[in-house]
Protein chains: 2
Amino acid sequence: MTKKQTYSIGELAREFDVTTRTIRFYEDQGLVSPSRRGQTRIYSPADRVTLKLILRGKRLGFSLAESKELIGMYQPQGDNRHQLLALQNKIQQRREQLEQQLRDIHALQLELDDAEQRCVDAMKELEN
Amino acid sequence: MTKKQTYSIGELAREFDVTTRTIRFYEDQGLVSPSRRGQTRIYSPADRVTLKLILRGKRLGFSLAESKELIGMYQPQGDNRHQLLALQNKIQQRREQLEQQLRDIHALQLELDDAEQRCVDAMKELEN
DNA sequence: CCCATTCTTTACGTTAACGTAAACTTCCCC
DNA sequence: GGGGAAGTTTACGTTAACGTAAAGAATGGG
C-alpha cells in the first residue's frame with residue numbers, strides 16, 4: 001500500500017485546515033488545476049504539493065499572485081533564470097523583513113520587561 | 001536647542017513615510033489624539049512615539065486594534081497585570097510565527113538552490 | 001494682494017482573500 | 001426510496017487599512 005494517489009477537495013481541506021471554498025478560490029486564481037471526474041474535482045499528489053506551497057507562501061507573507069509565480073518555478077520549462085533571480089530577490093527581501101521583525105520583537109520584549117517591573121513595583125507599593 | 005517640541009502632520013508623515021491620510025486615520029481609530037491650534041493638529045513628542053509604536057506593530061503583523069492595546073500598556077494606570085499577560089501571549093505567538101517563517105525560508109532556500117542547479121545544468125546541456 | 005502650500009472635513013472607492021448563502025446534483029446506506 | 005453527506009455553480013457580502021477626490025480655510029512670502 002503506497003501513498004494515496006488521489007484526493008477529494010474535502011480531504012485536502014481537512015488536512016490543511018482550510019475550507020473547500022478556499023481551495024476552489026485558489027483554482028479560480030489559477031494556482032491549481034485539478035482534473036475532473038464528471039463535475040467532481042480530483043486532486044493529484046502534485047496538486048497537494050501545490051497547496052502546501054501556497055500555504056507556506058501565505059505564512060511567509062507572499063500574496064497569492066507571488067505564490068503563483070513561485071510555484072511556476074517548480075515546473076522547469078526552459079529559461080527559468082530570469083524568474084529565478086526575481087524569486088531570489090523576494091526571498092532576500094523576506095529575510096531582511098524577518099531580521100527587522102526580530103529586532104522589533106527584541107525591543108518589544110525589553111519594554112515588556114520594563115512594564116512588568118513597574119507593575120510588580122506598583123503591587124509591592126500596595127502591600128505596604 | 002533641545003528636541004523639537006511639536007510637529008505638524010506633514011512633518012510626521014514625511015519622517016515616517018506615510019501619508020497624512022494615514023495619520024488622520026489612526027486618530028479616527030483612536031490611536032493618537034493630537035492637540036489642536038484652531039483646526040490644525042499639533043503633535044507632541046509623545047504622539048510621535050505613539051506613531052512609532054504603531055508602525056512597529058505593523059511590521060510585526062499586529063492589527064491596528066492590537067497595536068492600540070499594546071500602546072495602552074505604556075500608560076500605567078493601576079492594574080496592568082491582566083493586559084500585560086495578554087500582550088505577552090501575543091508576543092509569544094509572534095515569536096513562534098517568526099520561527100515558523102524562518103523554517104519556511106530555509107526550506108524555500110533549499111528548493112531555490114535545487115532549482116538553480118537544474119537551471120545551470122540545463123544551460124550546460126545547451127552548450128554541447 | 002495674490003498665489004502657492006499646507007492644512008481641514010466629508011465621503012465614496014479599492015484590494016485581497018476569502019465568507020456565506022442559495023439552489024441543485026450525486027452517491028451511499030439501510 | 002428517503003435522507004444525509006459531500007460535491008457543484010453562481011453570486012453577493014465582508015474586513016482592514018487606507019486611497020482618492022472635492023471643496024474649502026489659513027498662512028506666509030514676494
Side-chain angles (χ1 to χ4, degrees), chain A residues 4-44 47-48 50-71 90 93-94 97 104, chain B residues 4 6-44 47-48 50-71 90 93-94 97 101 104:
Chain A
K4 219 162 178 315
Q5 287 310 304
T6 69
Y7 310 84
S8 75
I9 194 171
E11 285 172 335
L12 292 182
R14 249 166 284 139
E15 173 172 2
F16 293 122
D17 196 31
V18 297
T19 68
T20 59
R21 172 70 175 93
T22 296
I23 299 182
R24 290 198 193 95
F25 177 73
Y26 293 159
E27 178 175 355
D28 215 60
Q29 303 298 305
L31 288 122
V32 278
S33 326
S35 54
R36 303 273 182 140
R37 198 181 56 194
Q39 289 266 80
T40 306
R41 292 168 174 80
I42 305 289
Y43 295 86
S44 69
D47 291 326
R48 187 170 159 280
T50 298
L51 272 179
K52 254 190 187 170
L53 294 178
I54 296 173
L55 298 179
R56 187 179 67 188
K58 274 195 65 173
R59 288 197 303 271
L60 286 176
F62 290 117
S63 72
L64 290 186
E66 288 173 321
S67 284
K68 186 177 175 181
E69 238 189 289
L70 182 152
I71 288 164
K90 273 180 192 165
Q93 284 173 32
R94 290 297 157 188
Q97 188 186 335
D104 284 335
Chain B
K4 222 163 174 315
T6 69
Y7 309 85
S8 75
I9 194 171
E11 282 172 336
L12 292 181
R14 249 166 283 139
E15 173 173 1
F16 294 121
D17 197 30
V18 297
T19 68
T20 59
R21 172 69 176 95
T22 296
I23 298 182
R24 291 198 193 94
F25 178 73
Y26 293 159
E27 179 175 354
D28 214 61
Q29 302 299 303
L31 288 122
V32 279
S33 326
S35 54
R36 302 273 183 140
R37 197 182 57 195
Q39 289 268 77
T40 307
R41 292 167 175 80
I42 306 289
Y43 295 86
S44 70
D47 292 325
R48 186 171 160 280
T50 298
L51 273 179
K52 254 192 187 169
L53 293 177
I54 297 172
L55 298 178
R56 187 180 66 187
K58 276 195 63 174
R59 289 197 301 271
L60 286 175
F62 289 117
S63 71
L64 290 186
E66 287 173 322
S67 284
K68 186 177 174 179
E69 239 188 288
L70 181 152
I71 288 164
K90 273 179 191 164
Q93 283 172 33
R94 291 295 158 188
Q97 187 187 335
Q101 288 181 320
D104 284 336

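Each chain gets a letter, A, B and so on, in the order the sequences are listed, and its residues count up from 1. We use all heavy atoms of the structure for the numbers below, so side chains are in, but hydrogens, waters and symmetry mates are not.
- With B:Tyr43 as the fixed residue, the side-chain contact (heavy atoms from CB on, under 4.5 Å) test singles out one of B:Thr50, B:Ile9, B:Thr6: B:Ile9.
- The side chain to side chain donor-acceptor pair (under 3.5 Å) check on B:Lys52 picks up nothing, with sequence neighbours excluded.
- A:Thr20 meets the side chain to side chain donor-acceptor pair (under 3.5 Å) test with A:Arg24; sequence neighbours excluded.
- Distance B:Ile23 CD1 to C:dT8 P: 10 Å, rounded to the nearest Å.
- Residue A:Arg24 contributes atom CZ, which lies 12 Å from atom C1' of D:dT10 at whole-angstrom precision.
- The distance from the OH atom of A:Tyr7 to the CG atom of A:Leu51 is 11.0 Å, given to the nearest 0.5 Å.
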So which protein nitrogen or oxygen atoms get under 3.5 Å of nucleotides 14-17 of chain C's nitrogens or oxygens?
| from | atom 1 | to | atom 2 | distance (Å) |
| --- | --- | --- | --- | --- |
| C:dA17 | OP1 | A:Leu64 | N | 3.3 |

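- Residues passing the side chain to side chain contact (heavy atoms under 4.5 Å, CB included) test with B:Thr19, sequence neighbours excluded: B:Arg21, B:Thr22.
- In terms of the side chain to side chain donor-acceptor pair (under 3.5 Å) criterion, residue partners of A:Asp47 (sequence neighbours excluded) are, by chain and number, A:Ser44.
- Applying the salt bridge (Lys or Arg N to Asp or Glu O under 4.0 Å) test to A:Arg59 and every residue at least two apart in sequence or in another chain returns B:Asp104.
- For A:Ser8 and D:dG7, the shortest distance from a side-chain N or O to OP1 or OP2 is below 4.0 Å.
- The side chain to side chain donor-acceptor pair (under 3.5 Å) test applied to A:Gln29 returns no partner, not counting sequence neighbours.
- A search for side chain to side chain contact (heavy atoms under 4.5 Å, CB included) contacts involving B:Arg36 returns B:Glu27, B:Arg41, not counting sequence neighbours.
- Judged as a side chain to side chain contact (heavy atoms under 4.5 Å, CB included), and not counting sequence neighbours, the contacts of A:Ser63 are A:Ala65, A:Glu66.
- Regarding A:Glu27, its CD atom lies at a distance of 15 Å from the P atom of C:dC18, rounded to whole Å.
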| note | The contact string for nucleotides 19-27 of chain D, one letter per nucleotide 5' to 3', using protein heavy atoms under 4.0 Å with B, S and - for base, sugar-phosphate only and none, comes out as BB-------

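- Judged purely by atom type and a 3.5 angstrom limit, B:Arg37 has no side-chain atom pairing as donor or acceptor with the backbone of B:Ile42.
- Overall bending of the helix from C:dC1-D:dG30 to C:dC30-D:dG1, expressed as the angle between end axes built from five pairs apiece, is 0° (10° steps).
- Residue contacts shown for A:Arg36 are limited to sugar-phosphate atoms, with no base heavy atom under 4.0 Å away.
- Side-chain N/O atoms of A:Arg41 include one lying less than 4.0 angstrom from OP1 or OP2 on D:dT8.
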